[in-house]
Amino acid sequence: MEPNESTCRICGGRVRAFFDFGRQPLSDHFPTEEEVDQEFFFRLAAGMCAECTMVQLLEEVPRDRMFRYDYPYRSSGSEYMREHFRDTARRLIETELSGPDPFCVEIGSNDGVMLRTVRDAGIRHLGVEPSGAVAEVSRAKGVQVRTAFFEEATAREIVDEYGPADVVYAANTLCHIPYLDSVFRGLDVLLGPDGVFVFEDPYLGDIVEKNTFDQIYDEHFYLFTARSVETAAGRFGFELIDVERLSVHGGEVRYTLARPGRRQPDPRVAELIAEENRRGLGDPMVLEKFGTEVKRVCWDLVARLRELRDHGYYVVGYGATAKSATVLNYTGIGPDLLPCVYDTTPEKIGRMLPGSHIPIRSAEEFRTSGAHYALLFAWNHLEEVRSREAAFTEQGGRWILYVPQFRLV
Ligand code: SAH
Ligand code: TYD
Ligand code: ZN
């Protein structure tokens, strides 16, 4: 096997790299001073399967390294996302969960941001969340959670205890799970005959179109398209019956799967697949071009940051996102170009960004930092951040985005 190739986790076909970002640390592990010399590194490369077109990482990071007790990501950290998940829950309640005594399972329920609305409606529910501390946060909100990884064995335990599910839902989680064969065997056991599996994840079509390459990091093992999801679903005994494009996190697709022949697929499925084919999303050349463009944008960012520093401007980072790891560790941008990054998450403050060891400070400190420019790693929350930090621009500060390329906003 060449170093630029791996075996597809879905179909066993040949995966060829189009994107190689080299040695990278875990993206959601923010070390303290004492922990800096114990970081775990892996090779971040993504490729497409020549058989089934599934885009996936070449190297898999063991799940227990990523989703530990103290996994720091908190879904409720953004008002926009809280609204998104409240609306999602309400829609599920009105549609798939409107029968007698419905049951809803969420894979990767995190701090309970979605299930709390299901709970408020008095609907039977269960979150499956392996990261212990965040599972506790959701329990404190009255949400029922099992601290476990969802896989076939977990699904068997759940169905024995609660009976079949009407809806299994997952947001920004299915793409984190390399072992989809086991997940789908679990769904087969857990879902009732007319049950649906609804999941939403970053969409390869948006990533290529908007150059949001920093969505590629350790946790995002798969980058789905309607075409690759339809093929994988068929292989695992399900059918793709609906797709919906979402604006969250820079562009996602919500996929609905059912047992084959139980529901009429919406025409939107065939339409989106036709659009993907027109755009060449299954064409290795198109993806290679994307990979090349991304590297240009990364090095351009370094040049611009050097220029600003050399002209005496003070540039800081904003948003200690998982996304920031990819660009920082590829380019080697460190505290010399970006002395610190500010964030609202208590679990991250006082720690450092992985690999680059840029210190993370509280958003309150941002207000007195005296920064001229702030590089926004949470670019998906631009509007929310801009209004929270309105004083920054009122005092003459400027926000910098690096996707689709370097620009001031
Ligand atoms: N659904 C939330 C959280 C996304 S972060 C949101 O959209 O904001 C991904 C979450 O999935 C993490 O909390 C992680 O601990 C969890 N996770 C990872 N692998 C999992 C698995 N196999 N089963 C269930 N949850 C998993
Ligand atoms: P997010 O972009 O959701 O995710 P990821 O880590 O997957 O790339 O993370 C947003 C981060 O930005 C999170 O650490 C919280 C922080 N944040 C702020 O500091 N201020 C804000 O106004 C908002 C909305 C988020
Ligand atoms: Zn494949």
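Both ligands and their constituent atoms are indexed starting at 1 by order of listing.
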Who are the residue neighbours of ligand 1 when the rule is a heavy atom under 4.0 Å from any of its atoms?
F67, Y71, Y73, S75, F85, E106, I107, G108, N110, V128, E129, P130, S131, F149, F150, A171, N172, T173, H176, I177, Y179
Using modelled atom types and a 3.5 Å cut-off, is there a donor and acceptor pairing between side-chain atoms of R268 and backbone atoms of V243?
yes
Give the numbers and elements of all ligand 2 atoms closer than 4.0 Å to a heavy atom of T345.
13 (C), 14 (O), 15 (C)
Structural part of Y217 in contact with ligand 2, heavy atom criterion under 4.0 angstrom
side chain
among protein heavy atoms, the one nearest atom 9 (O) of ligand 2 is T321 CG2, 3.6 Å
When you check the gap from the basic side-chain N to the acidic O, do R259 and E239 get nearer than 4.0 Å?
no
What protein N/O/S atoms sit under 2.8 Å from the Zn ion (ligand 3), by chain and number?
C8 SG, C11 SG, C49 SG, C52 SG
Angle class for the F238/F184 ring planes (parallel below 30°, perpendicular above 60°, tilted otherwise)?
tilted
Any donor-acceptor pair under 3.5 Å linking the side-chain atoms of Y402 with those of D214?
yes
Just go through Q215, E383, E384, K348 and tell me whose heavy atom is the nearest to atom 24 (C) of ligand 2.
E384
Between R361 and D343, does the salt bridge (charged side-chain N to carboxylate O under 4.0 Å, His left out) criterion hold? Intermediate values first, please.
CA-CA 6 Å; R361 304 215 178 105; D343 195 281; over 6 Å; no
Starting from atom 22 (O) of ligand 2, which protein heavy atom do you reach first, and at what distance in Å?
R388 NE, 2.6 Å
Salt bridge or not between E151 and R156? Use side-chain N to carboxylate O under 4.0 Å.
no
The protein heavy atom nearest to atom 19 (O) of ligand 2 is T344 N, 3.0 Å
Between S182 and E152: side-chain donor-acceptor atoms closer than 3.5 Å:
no
What is the closest protein heavy atom to atom 1 (P) of ligand 2, and at what distance does it sit?
K323 NZ, 3.7 Å
For the residue pair R227 / N277, report whether a side-chain donor-acceptor contact shorter than 3.5 Å exists.
yes
Minimum-distance protein heavy atom relative to atom 12 (O) of ligand 2
D343 OD2, 3.5 Å
Judged by modelled atom types alone, do S138 and D111 share a side-chain donor-acceptor pair under 3.5 Å?
no
When you check the gap from the basic side-chain N to the acidic O, do E51 and R14 get nearer than 4.0 Å?
no
May I ask you to check whether Y73 has an N/O atom sitting below 3.5 Å from an N/O atom of ligand 2?
yes
Could you measure the distance from the OH atom of Y169 to the CZ atom of F85? Nearest 0.5 Å is fine.
4.5 Å
Note: ligand 2 atoms sitting under 4.0 Å from heavy atoms of A378 are 12 (O)
Which atoms from ligand 2 have a heavy atom of H249 less than 4.0 Å away?
3 (O)
Taking non-hydrogen atoms only, is Y318 closer than 4.0 angstrom to ligand 2 via side chain, backbone, both or neither?
side chain
Below a 4.0 angstrom heavy-atom separation, can you tell me which part of M81, side chain or backbone, both or neither, approaches ligand 2?
neither
Among T88, D201, D242, which one satisfies side chain to side chain donor-acceptor pair (under 3.5 Å) with R254?
T88
N or O pair under 3.5 Å between S78 and ligand 2
no
What I want to check is whether the side chains of E276 and Y203 have a donor and an acceptor closer together than 3.5 Å.
yes
Are a donor atom and an acceptor atom from the side chains of E200 and H249 found within less than 3.5 Å of each other?
no
Test log, rule side-chain hydrogen bond (donor to acceptor under 3.5 Å, both in side chains), inputs Y71 and E219:
CA-CA 12 Å; Y71 180 70; E219 294 170 13; 3.1 Å; yes
ring-ring contact (aromatic ring centres under 6.0 Å, His included) between F42 and F40, intermediate numbers included
CA-CA 7 Å; F42 75 108; F40 176 85; 7.1 Å; no
N/O to N/O below 3.5 Å, does that happen between G319 and ligand 2?
no
Name the closest protein heavy atom to atom 6 (O) of ligand 2, giving the residue it belongs to and the distance to 0.1 Å.
A322 N, 2.8 Å
Polar side chain donor-acceptor pair, T212 to Q215, under 3.5 angstrom
no
SB check R91 E94 (cutoff 4.0 Å):
no
Counting both backbone and side chain atoms, is some N or O of D28 under 3.5 Å from an N or O of ligand 2?
no
How far is atom 23 (C) of ligand 2 from its nearest protein heavy atom, and which residue and atom is that?
V385 CG2, 4.0 Å
